Each structure stands twice: as structure tokens, then as C-alpha cells.
Amino acid sequence: MPQLALFNTLKREKQIFEPLDPNHVRLYACGPTVYNYAHIGNARMAVVFDLLTRVLKTLYPKVTYVSNITDVDDKIMQASKDTGEPIDAITRKYETIYNDDMAALGCDKPDIQPRATEHIGDMIALIEALIERGHAYDADGHVLFNVPSFENYGGLSGRSRDEQVAGARVEVASYKKDAADFVLWKPSNDDEPGWDSPWGRGRPGWHIECSAMSEKHLGLPFDIHGGGADLKFPHHENEIAQSCCAHGESDLAAFANVWVHNGFVTVEGEKMSKSLGNVTLVHDLVGKYPGEALRLTLLSAQYRQPLDWSVEKIQQNKKQLDRFYARLDEMKDMDATPDAVPESITAALCDDLNTPQALAEMNALLKEENSPELKSKLLAAGRVLNVLQKDPAAWLGFGGDNQDSDIQALLDERTAAKAEKNFARADEIRDELAAQGIEIVDTPEGPKWRKAN
RNA sequence: GGCGCGGUGGCAGAGUGGCUAUGCAGCGGAUUGCAAAUCCGUGUACACCGGUUCGACUCCGGUCCGUGCCUCCA
């Protein structure tokens, strides 16, 4: 069996992945805060961890992938104030949109997708444990994690004590014993979402939800914890501190064994930001381009590398898919048994998800003659990456032969013209249709047409 | 300032101490009434300067440049 190597941020090196329990691999990735449409950066995280889960599922008998929905957060409250929509309506709406958009990118829904608001009790229990162990304190309705109480704090992001700063959501400096202390629980006004707690009516800080939900659904320690590179600090650092301290552990790996962080997406060379107005929403993209082309584009760079998003790149990856689908179309009548993923592709993916290498290996397959074996290999490789599973003719756009009698009439006329060597008329018809965005492709089975792109 | 990442052919993007991916674009050719697709051929590129080595794009040191995090952020 091939061995999976992953770059472990915690150790800062690529390591052979060794599951804590080979019969059940467990991973968690920090999901979105649902107050707006997901952007292409959210999508990269979703696609990367979807792929990682697929690869793990080819290697191990049971894999549980948990990715949360953050549905309590000050940004959501702000969105509610801005739009007048109730908080629940906002979070449910964008949760649904998120899942739909990620599905369009070929991401399976995580095995478990917990909502923060449904785990408040677990968070409170965790906070209580932290207070009992002397790692947290309450101050006027706030509960803070005391960073100096955890000797190994900072081990993930590599920051020394002096450099630590607060990762709190709100300004509570006056309550802090240490500048680096961060909020576990904070009081809510009457018009804000809140839950009863030993410290009064309030709501959780950001980091505690992931500690609570990952432990609840996966148990501690679990194998892999992931998210975007920017979450390393403070979010993941604080998660580790909370989870370790709540259980009296000093080893950072007592929470999650391997940490995986995906790189950032820039757009046309610039960082995505609201001020630049270049936040690229998945929702807009899935309306314009095939989800599979978007997925492949997100996988066109190795996951840890920065990825620059551009229309040109989408089109390039779409073409790539066209080539694969064209070959699959040629082999449409062959029986394929896509069970075994070609070794070269498994090897590439097992090398820290080297998707560009996997793509290169798939291109190498195209050098082979058409055969049931080749078809099987392509489909099996495509299945791991979750591409190439569609009907080739439909992908290539040749599905609509019988749907438009006007076009069919012109095609018939052109065929007749060609038979009479009236090429002037034949070309005229080609031009006419081209003007309508219709492309004629002559094949051994006769002319076909599709919408040009 | 602290921590980190990166500079590869026109573009994208892997990788390796010697055998110099892959895709897109370009160019030449084949094929096609035309077109598309396809096929064949075509590019010794690895920021700069030193060092190690029989040999470095790959290892080490330095320089320059770009970039991420350190505040909410995937």
C-alpha cells in the first residue's frame, strides 16, 4: 500500500502519515463563517480537504471528515444589523449556499458538519474545565484564556512569548491579566444572540467552538486538523492551547497529530480584499464556468503554494478537461472497470497531494492508445480527483442534436450542399451558425454542433 | 521589527546533485473541400554572487526582489 506523506505544520516537515487508528482516520477542517457568499479562498480550503479526504478513503477503511459551520459571530451580527435580516435567516441561507456552491465544485459534504450554535453546551463545559485547571478566569462576564498558564503556547506558529498578541474578537484589554489572553466567553446585550452560562448570558469566543466540536465528533487526539494558512495564528494556536489545557496535556500533538494548512489565493495578482473590490465569489463563478474546471484550477497548484486566480487559468484548465473528455468520448462504447487508480497518480497524490504531478501523470496516460484499460485508468484517476465522471458528450456540448430544428435544418442543408460540392453554401452556413455562437464539428458520424465557448 | 514562504522557459507549474516534467500559447509540418479536433517536429528555463563537489537549477553562505502572517480573514 502506498504511503501518504503530508507536510505537518506542527513539525514543519513532510512526514509519513501514520494514523492513530488505522481502522478509523479522523480529520477536521475549519469551515466558513456564514454571513456572506463564499469566496474562492474558502473554496480552495474546501476542495483541498475534500481531496485529502478522498485520498485517505482510498487508503483506509474508514475516514471521518468533520468541517464546521460557524453560525455565531460578530460579523454575522453586523450583517444582521446591516441588512435587517434575522440572524437565523442569514446563517441558514448562507450555509445552504455554501454547501450548494461547494457541491458545484465537486466537494462532498463533510461526513459531519456541526454548527457552532448547536454545541454551546460543549463549549461551556470546556471553558469550565479550563477554569478548574487554572488556565482561564472570568472577569465581569468575560472568560479569558490565560496564555502564560500554558508553557508550550506558540508552538504551531513559532512565536515567542513576547510576540504574542491577543486574538480576541472584542476589546477587553482592561480585564486581561496578560496582553496575549484571549476571549473564551463574552457577555451579550439583550439584542444580541446569547446563551445562559455560569458567567451570565453571553456567547462564545471564536476559537473555542472548534475545540469543542472537533473533540465532540472525533475524540482526542485525532489525526489531522486543517484550514487556511492564515488560521495558524491565532485561531489554531488558541485551539491547541484550549484543548490541551482542558485535559491537562502539555504535548501540542495531544489535540491533533498533524496540521495541514493550504495556501492563499490571490486574484489577478492581488490579494483579495474588500477594499480592492476583488473578492471573487464562488457563487458567481459557478454560474459562468463548469464547476469541474474551477475545481481543477484550484488543484492546478500544489495546495501549500500560493495560487493566483485568473480567467485565463480557468480557461486553460477547461481545455485540459476537454482533452480528457474528448478521449473518453472516443472510448464511450468500451467497457471500463475503474477500480484501480494508476500507481503513478496515487504516488503523486500521496506525495503531499502533488496535484500538478498527478495531472502530468494523467496527461502521460493520454499517450496510450484507446482501450478499455486506458478508459478504466482515466476514470479511476478522475474519480480520486473527482473530475471526468460526467458524460463526455454532454461535457463537450454535443447533447442538443435534436433540440433545435432550425439548426438541424441548416446542418442538413449544409450536408446536402457538401454532397453537391457547393462549398460556398456550406461555408456560408458555417458562418451563419458561428454568428449565433454555434460551432459545427464534422465527424465520421456526420456533423455535430455545439455552443462555442 | 518578529516569524514564514517564494523567485524555474512567453504564461502556468512540478521536480531532481549528473538522465534537463507536464499543460497552455508560439512556430514548422501532416491531416481536413473549409473549420475544429488530432498527430509529428520544435524551446538545455531554473534571480544574482561566492562556496562545497568530478559535476548544482538542485546542497551551503551572502545579495537583490516579491510575498504571507503578526488585527477579522480560507
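Quantities reported herein were computed from a predicted structural model and do not represent experimental measurements. Labels below follow one simple rule: chain letters A, B, ... track the order of the sequence lines, proteins then strands, and each chain is numbered from 1.
When rounded to the nearest whole Å, the span between CG of Leu10(A) and P of G4(B) equals 15 Å. Remark: P of C34(B) and CZ of Arg430(A) are 11 Å apart, rounded to the nearest angstrom. For the pair His236(A) NE2 and C70(B) P, the computed distance is 13 Å after rounding to whole Å. Look at NZ on Lys11(A): it is 17 Å from P on G4(B), rounded to the nearest Å. Remark: P of G2(B) and CG of Leu156(A) are 21 Å apart, rounded to the nearest angstrom. In this structure, Trp309(A) atom CH2 and G13(B) atom P are separated by 12 Å, rounded to whole Å. Rounded to a whole Å, the CG atom of Leu396(A) is 11 Å from the P atom of U38(B). Going from atom CD1 of Ile438(A) over to atom C1' of A36(B) covers 15 Å, rounded to whole Å.
Annotation: of the two residues near RNA chain B, Ile440(A) and Pro306(A), the 5′-most nearest-nucleotide partner is Pro306(A). Comparing Thr443(A) and Gly227(A) along RNA chain B, the residue whose closest nucleotide (by nearest heavy atom) sits nearer the 5' end is Thr443(A).
Here Lys319(A) reaches the OP1 or OP2 of A25(B): one of its side-chain N or O atoms lies under 4.0 Å away. Between Lys421(A) and C34(B) there is no side-chain N or O to OP1 or OP2 distance below 4.0 Å. Residue Asn42(A) places at least one side-chain N or O closer than 4.0 Å to OP1 or OP2 of A74(B). Regarding contacts with the backbone of G68(B), every side-chain N or O of Lys232(A) stays at 4.0 angstrom or more from both OP1 and OP2. Taking 4.0 angstrom as the limit, Arg12(A) places none of its side-chain polar atoms (N or O) nearer than this to OP1 or OP2 of C5(B).
Figure legend. U42(B) is base-paired to G26(B); pairs are counted as Watson-Crick or G-U wobble with both atom distances under 3.5 Å. C69(B) is paired with G2(B) under the criterion used here, namely a Watson-Crick or G-U wobble arrangement in which both key atom distances are under 3.5 Å. In this structure A36(B) sits in no base pair that meets the Watson-Crick or G-U test at under 3.5 Å. If you check G17(B) for Watson-Crick or wobble pairing at under 3.5 angstrom, you find it has no partner at all. Nucleotide G50(B): paired with C60(B) (Watson-Crick or G-U wobble, both distances less than 3.5 Å).
Using a distance-only test at 3.5 Å, with no hydrogens or angles considered, a donor-acceptor pair links the side chain of Glu292(A) to the main chain of Leu388(A).
The cationic group of Arg44(A) does not satisfy the cation-pi geometry with Tyr303(A), failing either the under 6.0 Å distance to the six-membered ring centre or the 45° limit from the ring axis.
Nucleotides U44(B) and C19(B) have their P atoms positioned 14 Å apart, rounded to a whole Å. Here, C40(B) and G23(B) have their P atoms 10 Å apart, quoted to the whole Å. Only the C1' atoms considered, G2(B) is 30 Å distant from U8(B), to the nearest whole Å. Nucleotides U58(B) and U53(B), compared at atom P, are 16 Å apart to the nearest Å. To the nearest whole angstrom, the two P atoms, one in C69(B) and one in G26(B), are 36 Å apart. G28(B) and G13(B) are spaced 26 Å apart, taking the C1' atom of each and rounding to whole Å. Nucleotides U52(B) and U38(B), compared at atom C1', are 50 Å apart to the nearest Å. The gap from the C1' atom of U32(B) to that of A74(B) amounts to 49 Å, rounded to the nearest Å.
Between Leu184(A) and Leu144(A), the closest side-chain pair of non-hydrogen atoms is not below 4.5 Å.
For A74(B), its base never sits under 3.5 Å from the side chain of Arg44(A) at any donor and acceptor pair. Side chain Asp442(A) to base C34(B): a donor-acceptor pair is found below 3.5 Å. Side-chain atoms of Asp427(A) come within donor-acceptor range of the base of G33(B), with a qualifying N/O pair under 3.5 Å.
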| message | Let's go through Asn68(A) and Glu209(A) carefully: what are the C-alpha distance in whole Å and the side-chain angles of both, what is the deciding distance for side chain to side chain donor-acceptor pair (under 3.5 Å) to 0.1 Å, and is it a yes or a no? | response | CA-CA 9 Å; Asn68(A) 65 291; Glu209(A) 61 177 79; 3.2 Å; yes
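A side-chain contact (heavy atoms from CB on, under 4.5 Å) with Cys107(A) is found for exactly one of Val48(A), Asn99(A), Asp50(A), namely Asp50(A).
If you check G23(B), A14(B), A21(B) against the side chain of Arg323(A), the one that comes closest is G23(B). When distances run from any side-chain atom of Asn363(A) to the nucleotides A14(B), C24(B), U22(B), the shortest one goes to U22(B). Looking at the side chain of Gln305(A), the nearest of the listed nucleotides A36(B), A14(B), G23(B) is A14(B).
Between the side chains of Trp395(A) and Asp329(A), no donor-acceptor pair of N or O atoms lies under 3.5 Å.
Applying the 5.5 angstrom centroid cut-off and the 30 degree plane-angle cut-off, the aromatic ring of Phe264(A) is not stacked upon the base of G68(B).
Contact check on Glu118(A) versus Arg115(A) returns a salt bridge, with a Lys/Arg side-chain nitrogen under 4.0 Å from an Asp/Glu carboxylate oxygen.
Ring-plane geometry between Trp259(A) and His261(A) is classed as parallel, the angle between the planes falling under 30 degrees on a 0 to 90 degree scale with a further cut at 60.
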